[in-house]
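Since we're looking at a predicted model, the values are computed, not measured. Worth knowing before you read on, the calculation uses all heavy atoms, side chains too, and leaves out hydrogens, waters and symmetry mates. In the text below, chain A, chain B and the rest are named by the order of the sequence lines, each starting its count at 1.
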Amino acid sequence: MNNRIDMKGIGKSFFATRALDNVDFSSVAGEVHALVGLNGAGKSTLMKVLGGVIQRDQGVIELNGQPIEIAAPVDATKHGVAMIHQEYSLINELTVADNIFLGRELFIGGTPFLNKREMARRVRAQLDRFGLDLDPASPVRDLNSGEKQIVEIIRALMSDSWLIVMDEPTSALSEEDKERLFGFIRRMKAEGVAIIYISHHMPEIFGIAEQVTVMRDGKIVLSERTSNTTEAAVIKTMTGTELDDFVKPVKTISDDVLLDVRGLTHAHAYQDVSFDLRRGEILVLTGLRGCGAPELAKAIFGLTSGYEGTISYRGTTLRPGRGPAAAVRDGMGMVTENRDKNGIMAALSVRDNIALPFLEKATRGGLINAAKVEAVVAKAIRETSTKTSSPDQEIRFLSGGNKQKICFSRWLDEDLELLILLEPTRGIDVHAKADIYRIIEELATRGVGVLILSYEIDEVIMLADRVITLYQGRSVASYSHPDFDKDKMLADMAGANLPAAAHA
Amino acid sequence: MTSTVTVNPTAAKAAISGLTLRYLVLAGLIVLASVGFSLANENFYSLVNIGILLRSIAVLFLVSMGMTFVMLTGGIDLSVGSNVAFAGGVGVITLTTTGSAPLGFLTAILAGMAIGTINGIFIGRLKLSAFMVTLATFALARGLALVIYDATSINVSDPTFLWLGGTSWGNIPVVIPFVFCVFVALSVLLYRTPFGRNVYAAGANFNTAFVLGRRPERSVVWIYALSGALAGLSAIVTVGRVSSGQPWSGLYLEFDAITAVILGGTSLFGGRGRLLGTILGVLLYGIIINGLVLTGTNPYLQSLIKGMILLGVVLLDSWTQRGKAA
Amino acid sequence: MNIGKILRERNIIVVTLVCCVIFFLISPRFLSVDNMSAISRQIVPIGLIALGQFFVIVSGNIDLSMGMASVFFAVLLGVFFGLTGGVGIGLLAVVVASLTMGGLIGVLVAKLKLPAFIVTLSALFMAQGLSGLVIPRGQQIFLMGGFFQFAGSQKIFGIYLSFLFLIGLCAAAYVVYNHTRIGAAIIAIGNSEENAKLAGINVDRVKIGIFMFSGLCSGFAGIMLSTRMGFVQPGLDGNGLLLDAIAAIIIGGTLIQGGRGTIGGALWGIAFIGIVNNALNLLNVEDVWHQVFKGVVILAALGVNWLLWQSKQSEAH
Amino acid sequence: QDDALDIVFINDGHVAPYHVAWLSGFEDAIAAYDEAFPDIAITGRWLSAEGSLEKMIQQTEVTINEGPDVMFVNAINVDAFEPLVAQAQAAGITWIAVHSPMDSADYSFTLGDIANGRNQGLAMCALSGGEPFEVAIMLGQAGNPSGEARHAGILEGISACENVNVVAEQPADWDTVKAQTLAENWLTQFPDLDAISGVTDGYMYPSIAIAANSGNTDIQFYGYDGDIPIMQQMEGGQVMADILLSGTREGWNFVQMAYRIHQGEELDKVYDFFTPLVLTEANHAKALENGFPADVTVYYVDQALDVAANGYLEFGPDSVQ
Ligand SMILES: Nc1ncnc2c1ncn2[C@@H]1O[C@H](COP(=O)(O)OP(=O)(O)OP(=O)(O)O)[C@@H](O)[C@H]1O
Ligand SMILES: Nc1ncnc2c1ncn2[C@@H]1O[C@H](COP(=O)(O)OP(=O)(O)OP(=O)(O)O)[C@@H](O)[C@H]1O
Ligand SMILES: [Mg+2]
Ligand SMILES: [Mg+2]
């Protein structure tokens with residue numbers, strides 16, 4: 001069967017925001033069609049229209065030339081369209097297996113009773129293919145974001161759909177998992193499945209997509225076969241300007257040690273990790289998912305207790321589990337890896353989301369000084385080029401990348417001394433990414449110590465003054481700018497270069 | 001760096017008007033209800049009746065404002081009604097033993113806060129279900145009130161103690177300007193101080209608030225303590241109103257307060273709502289109750305009518321909100 | 001699963017058993033067969049309301065009408081009994097009326113997106129009003145005859161029939177909740193309505209179904225109330241039943257915000273509430289201390305729950 | 001019609017069976033009087049505070065503002081109403097305190113709760129048979145004045161003899177469901193329980209039902225209110241004594257009282273409603289043998305039933321014409 005879907009003249013407005021403006025978009029069986037654009041360009045909105053999540057204002061959707069009605073997610077499913085959403089759409093309190101089969105359960109014979117065993121079996125088989133050691137009966141709330149992403153992917157893959165929409169499916173995946181996903185995509189493509197693929201990573205797109213479409217401000221500005229265009233051209237059409245590439249400046253770093261971590265050990269998470277971070281230094285921890293770096297970062301920020309070893313900051317040893325309030329007071333800031341769980345406050349305005357950590361500084365006589373807050377908020381929005389209709393906008397209406405920018409921008413305070421970033425550029429478009437790198441570099445120049453966890457090796461190399469590779473909670477090796485050996489780092493991360501102690 | 005901030009005035013206006021509209025609808029309903037009841041009984045519009053109405057909902061105003069703070073955090077406080085009785089008991093007994101009204105005020109508010117603090121610690125620090133904890137203190141505070149009063153009332157004649165709840169300037173009970181001052185103070189607290197932003201943050205996402213160093217667990221303790229303090233204040237008003245301390249005062253107050261707060265547009269799930277809505281909600285609810293008394297129908301019929309009016313209110317509200325607020 | 005783990009995960013079981021032991025030590029009669037059997041019958045109306053409420057709460061809503069509605073349905077049964085002298089039509093009327101009422105609430109909440117709190121609060125008031133209006137002059141009606149005697153106090157193998165009915169319904173609910181697609185749908189809706197919709201769940205239909213079931217449970221509770229009492233009267237304290245029922249579910253581990261809960265936990269919660277109410281009488285707590293006792297027992301139970309939970313947390317590390 | 005009589009009744013509740021009977025008697029009487037006296041427009045309203053003191057005060061304030069001729073207030077707590085009495089009188093309204101007397105009120109309508117309770121207790125003593133006798137008492141809500149007075153009376157009556165022993169006292173909050181649970185728990189807890197005494201007949205229905213279900217045919221019941229279905233179970237049954245109030249009858253009496261005041265009659269400041277003890281004839285004889293005071297007025301069941309059913313006529317329009 002050679003299915004194709006055509007979206008014609010699609011329009012959608014949210015109040016005064018024209019999110020989609022007369023968009024034509026098609027997807028053909030057996031092909032990967034990549035959709036790219038800046039944060040807030042309208043990619044997810046277009047796909048939500050296709051998935052029946054939101055209702056379009058104008059336009060038609062045709063399946064094999066016949067107009068179809070997609071008024072709700074069920075309709076999309078009925079027409080063989082599955083989606084991997086950018087924001088997790090899993091049910092936290094249900095198990096992995098229940099989530100995967102939610103809405104299309106298997107039954108015992110013709111009875112209404114669930115065939116739990118069969119569902120668990122199939123889920124386990126898929127998890128195995130992904131190399132994920134997960135109990136299908138464990139609740140999703142206990143999974144980390146990478147695992148959730150995989151469950152989400154498996155759910156789409158197991159849906160027997162002919163068209164799968166993937167909205168930034170790799171943003172939380174390790175290199176290994178990404179490769180696996182691409183393997184699946186290629187196989188499915190061969191089986192005649194159509195895929196719409198949204199990503200901010202040009203190499204991914206040029207690796208797997210046949211067609212690439214660029215959106216800007218709700219309009220299509222380019223649609224080409226990937227063989228007829230180049231990464232640079234696509235990036236350029238996203239804004240209409242050349243990518244102002246980030247080039248790491250040469251600098252000398254002080255000897256002033258800001259953070260000193262000695263022999264840090266926590267059962268199951270990290271073992272005997274030691275390093276120091278000087279003022280003005282950008283230190284990147286990298287490894288595979290499960291390397292223990294996020295847990296380590298949380299210990300530094302005072303979120304966890306029960307570790308051995310010491311963390312000294314500005315020369316004093318920190319009390320384990322002293323809480324983030326003390327950390328923030330002492331000039332630390334952190335961007336967590338799980339935006340929805342503990343990054344944003346969905347019901348609150350962009351202003352609240354940005355201004356919260358440093359509100360006390362914007363008070364006069366105990367009262368909030370609105371002008372001061374407004375200035376801080378405007379600056380944060382401007383510097384990270386966040387796209388929002390106004391600071392009053394509830395943050396939940398922002399696009400995924402823009403939410404991420406706010407999680408970052410709220411820490412741009414003059415008294416900041418240590419910034420801890422877990423996957424800071426997740427879901428952020430290429431242009432904004434360069435901006436964020438620049439901001440990080442500026443912070444470092446000002447003397448802020450920056451501790452970053454990143455799983456993207458290119459980002460690591462581009463940004464770091466120093467890199468520490470981790471494998472299963474142990475530090476493997478340390479590299480200093482500009483002596484980065486990408487291959488060796490990758491080998492470290494995969495556990496090939498373990499120091500002798502680790503084998504003992 | 002390119003600036004993509006598109007501050008779009010119309011968008012902001014559209015977003016606000018969802019809320020404004022809700023308040024307009026509430027105000028409209030208040031007018032509608034008053035007109036309806038005044039047709040049923042010409043006395044409804046008498047100044048005296050308005051004074052009675054306002055005085056009778058003064059306590060509901062106070063308690064509902066505390067409840068708004070609590071519900072903004074996604075919590076609930078079922079203990080306020082019992083707390084009014086308990087705090088009143090402590091205040092009155094202090095008054096009768098020491099003879100000092102200010103001391104009585106102080107102990108009443110402290111007693112209310114004490115119950116609130118117990119709630120807050122169990123809910124904020126131990127992370128237990130607000131419903132369950134305050135259901136327990138709902139029983140506990142009422143029980144303590146019965147115990148300290150030994151189930152009988154205590155007469156109060158101290159004019160200072162009775163002033164707030166019992167005095168009127170003409171037809172205006174003094175408690176109404178007082179409630180207004182509390183409203184202003186609480187508005188400043190909620191909208192203009194970091195504490196107020198913490199209230200919203202704790203309700204919108206407790207985890208995020210925690211990671212941002214806002215100590216939501218501590219905010220929650222204070223919020224329940226505030227609710228308790230307002231119950232203590234209400235106790236003083238109640239004692240003044242009935243010129244005695246009563247072990248059964250404040251009965252069902254919590255349900256009236258929750259109803260009024262929800263009518264005022266505050267979500268049960270936290271993070272959304274404003275004090276102004278609560279004020280309107282209390283007014284509307286109070287008018288319905290007062291009006292039903294005036295119509296003097298059979299009490300069962302009154303229940304039926306009350307149910308239908310409540311339903312009508314939310315139906316109308318949802319009808320006008322349709323298509324607004326996404 | 002070892003016993004220790006079960007105990008820690010099902011805190012309410014521990015709490016209930018600890019209470020049992022304490023009450024037993026104070027009054028050995030507490031654990032007598034007669035007393036247990038009395039408790040089993042007393043919890044039936046609360047249990048039925050709790051069961052219906054359980055699904056409502058897990059789906060992220062609340063049904064405040066259930067207590068007064070069950071009083072109304074009891075009265076309705078009585079009125080039909082008074083008119084016809086038989087129970088058949090009365091029972092049918094209760095079932096039809098309770099399903100209709102639940103359905104209406106469901107439509108208002110699901111389709112018109114009205115807050116369940118207010119909709120069911122108005123249903124509460126209406127049920128209260130109606131129960132006084134449908135019964136002639138608001139007087140009591142006596143329910144005599146085989147059916148009421150049978151349903152109210154018949155025992156099979158020493159167990160009250162009404163209790164068996166509750167257990168049977170709970171078992172059926174357990175199967176539906178854990179072994180059909182409905183359970184997952186309810187949990188999904190309670191967690192996130194949007195995500196449930198994304199998974200293709202017909203959220204509106206499930207919600208209406210849940211409220212119809214809670215309506216039906218109110219109807220059953222009303223029937224059980226009337227058969228146990230042998231008479232009906234509009235002034236029964238329905239709201240007391242409701243509060244006890246909600247307390248039972250929540251203390252049984254259901255999140256009041258919705259999205260999480262187990263039927264087993266709810267059953268233990270019901271047992272806990274039944275036992276505490278019974279202990280109030282059995283220990284002959286003096287009247288002014290009643291409420292203090294209740295409050296302290298619940299707070300203590302919550303505290304114990306928390307301690308067990310803490311020990312589980314520290315074990316997890 | 002140039003003359004009008006407007007009566008408002010403010011009660012603490014409207015759900016107890018006794019209140020319901022009151023309400024129906026009150027409403028019937030209003031209609032009957034209005035019809036019987038065409039020259040006076042007689043109207044009446046009944047308000048229920050649903051147990052909430054604050055609500056009751058609001059209702060009272062609103063009512064005073066309305067300016068009826070007579071208002072009956074069954075105050076949840078009399079202290080709280082003192083200021084309002086003055087306010088009502090200043091507005092020319094006649095204030096009648098119901099059940100709990102108030103000095104400041106124009107009139108008080110009382111039941112003699114303590115005396116009635118004492119009679120119930122004395123009857124229990126006399127009918128207990130001299131053997132050790134265990135009784136459990138169902139109370140009203142803690143602090144409720146009527147309930148407390150009745151309770152005090154019962155204890156006083158019981159104290160007249162040595163053998164009656166109160167094994168349990170628990171509040172059932174005027175709620176029949178709670179009363180049933182209580183009865184069930186007591187019957188299992190005290191297998192030798194000889195009697196259940198209650199401060200309202202509302203408690204008797206479920207208690208009797210429980211005893212019947214568990215096949216307990218020995219236990220005795222001592223009621224209060226004079227509900228017809230309860231008194232019907234006295235002859236040859238387990239209900240030993242009751243206090244003849246009769247809600248409907250009382251409801252009619254209120255209207256009669258208001259009418260007479262309206263007509264300018266001088267009534268006693270404290271109007272004590274006649275509420276005799278009800279016993280069967282046989283039991284009365286037995287009680288007298290066992291030292292039951294002869295001066296206590298006792299109605300036998302038939303007479304009591306007749307009064308409960310038709311006694312309201314005694315207060316109908318005919319009674320004042
Ligand atoms: N429900 C909504 N209400 C209001 N505005 C919305 C809503 N959903 C999306 N928008 C706005 O529509 C625009 C397009 O958002 P969309 O999520 O489609 O962007 P995107 O291209 O997917 O961005 P990203 O790369 O960051 O995911 C944004 O400006 C966003 O703020
Ligand atoms: N999250 C926030 N952080 C800092 N300041 C804030 C925040 N939210 C609001 N403000 C400022 O606090 C003040 C009060 O806020 P808010 O918007 O709630 O009230 P308002 O609109 O100014 O007044 P009104 O009561 O009429 O609505 C405003 O001056 C606003 O700019
Ligand atoms: Mg997107
Ligand atoms: Mg504003």
Measuring from Ser318(B):OG to Leu108(C):CG, what's the distance to the nearest 0.5 Å?
9.0 Å
CZ/Phe131(B) to OG1/Thr254(C) distance, rounded to the nearest 0.5 angstrom?
12.0 Å
Measuring only between side-chain heavy atoms, which start at C-beta, is Leu243(C) closer than 4.5 Å to Phe138(B)?
yes
Would you mind checking which part of Phe122(B) comes under 4.5 Å of any heavy atom in chain C, side chain (CB onward), backbone (N, CA, C, O), both or neither?
side chain
Applying a strict 4.5 Å limit to non-hydrogen atoms, the region of Leu126(B) in contact with chain C is both
Spacing of CZ belonging to Phe125(C) relative to OH belonging to Tyr300(B), to within rounding of 0.5 Å
14.5 Å
Heavy atoms only: give me the nearest Phe269(B)-Gln257(C) pair and the separation to one decimal.
CE2-O, 4.1 Å
May I ask you to name which of Gly307(B), Ser267(B), Pro247(B) has the most heavy-atom pairs under 4.5 Å with chain C?
Gly307(B)
Taking all non-hydrogen atoms of both residues, which atom of Val314(B) and which atom of Leu114(C) are closest, and how far apart?
O-CD2, 3.5 Å
Non-hydrogen atoms of Ala139(B) and Gly295(C) that approach each other most closely:
CB-N, 3.8 Å
Picking from Val297(C), Ile256(C), Val119(C), Asp287(C), which has the most non-hydrogen pairs under 4.5 angstrom with chain B?
Ile256(C)
Comparing Leu78(B), Ile76(B), Asp150(B), Thr259(B) against chain C, the one with the most heavy-atom pairs below 4.5 Å turns out to be Thr259(B)
Just verifying a value: how many Å separate Trp306(C) CH2 and Lys127(B) NZ, rounded to the nearest 0.5 Å?
9.5 Å
Among the listed options Ile62(C), Ile251(C), Val288(C), Ile298(C), the residue most often paired with chain B at heavy-atom distances under 4.5 Å
Val288(C)
Contacting region of Ser129(B) [heavy-atom separation from chain C under 4.5 Å]:
side chain
Is chain C contacted by the side chain of Leu128(B), its backbone, both, or neither, given a heavy-atom distance below 4.5 Å?
side chain
Heavy-atom cut-off 4.5 Å, strictly under: side chain, backbone, both or neither for Leu135(B) against chain C?
side chain
Measure Leu255(C) against the heavy atoms of chain B and call it side chain, backbone, both or neither at under 4.5 Å.
neither
Looking at chain C, which one of Leu304(B), Leu301(B), Leu315(B) has the largest number of heavy-atom pairs inside 4.5 Å, strictly under?
Leu304(B)
dist Met126(C):CE -> Leu310(B):CG (nearest 0.5 Å) comes out at 8.0 Å
Separation of Arg142(B) CZ from Lys294(C) NZ (nearest 0.5 Å):
13.5 Å
